[in-house]
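The block underneath contains the structure these notes are about, expressed in structure tokens.
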Amino acid sequence: VKVTIKNSVCEDGLNIVSSFGNLKNITIQNSSSDAFDSDFSKVKIEELNIQKALNDCADFSGGSYVINKFNLSSCGDKAISVGEKSYLKVINGIINNSTYGIVSKDSSVTEIKDVELNAMDICYAAYNKKKEFSGGYLDIHNSNCSNFKINEEIDKFSKIDKNNVQN
């Protein structure tokens, strides 16, 4: 499956709910809110490309997800947001110009490998947001964040592990 969305004015440019499967390519440009949102699903994405979302570029909740290649730019809030007991594995990606780069929150586990982040307010964040969950976990390998204001934001309930990470 290939999906292309341009100039979305919906709450989510693309929202996948209670689904499973493989997506070959998702391209979203100019979303007026979240560009991509997936809830309670098990999805593998071969390639995810998002340019300009006024809110989150990619938001994952309550499921298990894999992204093999991605390019996210001009995200108004979070480039990648993982929450509500989700698991996300991301490999081989680029994030440019976002408030947050990668966020893992609310009992979620996020594995990151070979990711380049540039022009972030905050590169990595792990925290507890909703009281019914605990903190978030980020496991980062072979990644680099440059041109940022804050490298990481973490609370006492969360953990960030960095292996071969450059800042």
Side-chain angles (χ1 to χ4, degrees), residues 1-126 136-148 165:
V1 173
K2 292 182 180 183
V3 177
T4 300
I5 297 170
K6 294 181 181 180
N7 304 316
S8 172
V9 294
C10 300
E11 181 181 343
D12 300 314
L14 174 63
N15 190 355
I16 296 173
V17 180
S18 300
S19 301
F20 65 92
N22 299 322
L23 298 162
K24 184 172 179 131
N25 183 288
I26 299 171
T27 300
I28 302 173
Q29 297 173 335
N30 299 319
S31 182
S32 66
S33 191
D34 287 351
F36 177 80
D37 192 345
S38 188
D39 303 300
F40 315 110
S41 297
K42 185 174 183 179
V43 176
K44 181 178 180 182
I45 302 167
E46 286 302 319
E47 189 170 350
L48 178 63
N49 298 292
I50 299 173
Q51 295 176 342
K52 195 175 181 189
L54 292 183
N55 198 32
D56 296 342
C57 276
D59 187 356
F60 302 91
S61 297
S64 180
Y65 308 94
V66 175
I67 305 171
N68 284 326
K69 183 178 181 183
F70 64 92
N71 190 332
L72 312 176
S73 64
S74 300
C75 308
D77 191 13
K78 299 168 198 75
I80 295 176
S81 178
V82 186
E84 299 179 6
K85 274 190 176 175
S86 287
Y87 168 79
L88 172 68
K89 182 176 185 179
V90 294
I91 306 164
N92 190 19
I94 298 170
I95 300 172
N96 284 303
N97 191 27
S98 180
T99 303
Y100 284 86
I102 301 170
V103 174
S104 188
K105 61 187 183 290
D106 297 333
S107 304
S108 294
V109 174
T110 306
E111 293 183 39
I112 300 157
K113 185 176 179 186
D114 300 325
V115 176
E116 296 289 325
L117 298 92
N118 183 44
M120 304 288 114
D121 284 351
I122 301 167
C123 299
Y124 312 104
Y137 175 64
L138 270 172
D139 186 17
I140 308 166
H141 296 267
N142 302 323
S143 295
N144 180 43
C145 187
S146 58
N147 191 19
F148 59 88
V165 175

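Counting from 1, the numbers follow the sequence of the chain as shown. Values below: every heavy atom of this structure, side chains too, minus hydrogens, waters and symmetry copies.
- Put simply, the side chain of Ser143 gets close to the backbone of His141: a donor and an acceptor are under 3.5 Å apart.
- No side-chain heavy atom of Val115 sits under 4.5 Å from any side-chain heavy atom of Lys113.
- At a cut-off of 3.5 Å, with distance as the only test, a side-chain donor of Thr27 or Asn25 sits close to an acceptor on the other residue.
- What you find for Leu72 and Ala79 is that their closest heavy atoms are CD1-O, 3.5 Å.
- Val9 and Ser32 make their closest contact through CA-OG, 3.1 Å (heavy atoms, listed as atom of the first residue, atom of the second, distance).
- Under the side chain to side chain contact (heavy atoms under 4.5 Å, CB included) criterion, Val1 pairs with Val3, Leu23, sequence neighbours left out.
- Of the residues Val103, Val82, Leu88, Thr110, the one that meets the side-chain contact (heavy atoms from CB on, under 4.5 Å) test with Leu138 is Thr110.
- Across all their heavy atoms, Ser108 and Lys85 have their closest contact at OG-N, 3.5 Å.
- Residues meeting the side chain to side chain contact (heavy atoms under 4.5 Å, CB included) test with Asn71, sequence neighbours left out: Asn49, Ile94.
- A side-chain contact (heavy atoms from CB on, under 4.5 Å) with Asp37 is found for one member of Val17, Asn15, Ile16, Asp56 and no other, namely Asn15.
- For Ser81 and Lys105, the side-chain atoms include at least one donor-acceptor pair closer than 3.5 Å.
- Closest of all the heavy-atom pairs between Ile5 and Gly13 is CD1-O, 3.2 Å.
- With rounding to the nearest 0.5 angstrom, the CD atom of Glu47 is 10.0 Å from the CG atom of Asn68.
- Nearest heavy atoms, Ser98 versus Ile95: CB-CG2, 4.3 Å.
- With sequence neighbours left out, Asn55 forms a side chain to side chain contact (heavy atoms under 4.5 Å, CB included) with Ser33, Asp34, Asp77.
- A heavy-atom distance below 4.5 Å is found between the side chains of Phe36 and Phe60.
- Ring pair Tyr100/Tyr124: centre-to-centre distance not below 6.0 Å.
- Listed here is the closest heavy atom pair of Ile50 and Ala35: CG2-CB, 3.6 Å.
- Of the N and O atoms on the side chains of Asn92 and Asp114, not one donor lies less than 3.5 Å from an acceptor on the other residue.
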